[in-house]
Amino acid sequence: MKTIRSGAAIISSIALMLSAGTVSANDATDVERPDAPKMTLAEIRAFNAKLPKDHRYYIVCKREGTTGSLVKAIRTCQTREDIERLARDAQDGTREVMDRARVSPGCPGGLCPG
């Protein structure tokens with residue numbers, strides 16, 4: 001009998017957690033865009049606590065080592081939206097350079113076959 005009660009308690013707490021997760025995700029739709037580089041870590045943690053991890057304004061911080069130093073590191077913080085935009089821009093730039101490399105003045109139409 002005791003295991004049935006604990007099982008029911010587990011199921012009800014899981015349902016409560018799931019419903020709390022959906023409420024916070026719905027509340028996150030009206031969040032203003034943050035200025036992540038100017039925020040402190042405490043402000044970032046408080047801001048992220050209100051958002052689901054896959055939200056476009058969720059702030060991700062990375063520590064990048066400084067060249068020539070074994071100890072010194074720089075912390076950079078950006079929203080997921082900024083990270084995705086930068087990755088897309090880098091892909092577009094790379095694609096553009098590769099396309100220009102295929103253009104040759106000796107080929108008809110500027111593009112060489114193959």
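- The side-chain heavy atoms of Asn48 and Ile44, taken from C-beta on, include a pair separated by under 4.5 Å.
- Gln91 places no side-chain N or O within 3.5 Å of a backbone atom of Arg88 that could act as its donor or acceptor partner.
- Note on Val60: it clusters hydrophobically with Val31, by side-chain heavy-atom contacts below 4.5 Å among ILVMFWY residues.
- When all heavy atoms of Met39 and Phe47 are compared, the closest pair comes out as CE-CB, 3.9 Å.
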Identify each donor-acceptor pair in which a side-chain atom of residues 76-83 lies under 3.5 Å from a protein atom, sequence neighbours left out, and give them as a table.
{"residue": "Thr79", "atom": "OG1", "partner": "Asp82", "partner atom": "N", "Å": "3.2"}
{"residue": "Thr79", "atom": "OG1", "partner": "Asp82", "partner atom": "OD2", "Å": "3.1"}
{"residue": "Arg80", "atom": "NE", "partner": "Lys53", "partner atom": "O", "Å": "2.5"}
{"residue": "Arg80", "atom": "NH2", "partner": "Lys53", "partner atom": "O", "Å": "3.2"}
{"residue": "Glu81", "atom": "OE1", "partner": "Arg33", "partner atom": "NE", "Å": "3.4"}
{"residue": "Asp82", "atom": "OD1", "partner": "Arg33", "partner atom": "NH2", "Å": "2.4"}
{"residue": "Asp82", "atom": "OD1", "partner": "Arg85", "partner atom": "NH2", "Å": "3.4"}
{"residue": "Asp82", "atom": "OD2", "partner": "Arg33", "partner atom": "NH2", "Å": "3.4"}

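- Within the 4.5 Å cutoff, the side chain of Tyr57 has heavy atoms near those of the Pro34 side chain.
- Under the rule for a side chain to side chain donor-acceptor pair (under 3.5 Å), the partners of Asp92 that lie at least two apart in sequence or sit in another chain are Arg95.
- For Lys72, the side-chain contact (heavy atoms from CB on, under 4.5 Å) partners at least two apart in sequence or on another chain are Thr66, Ser69.
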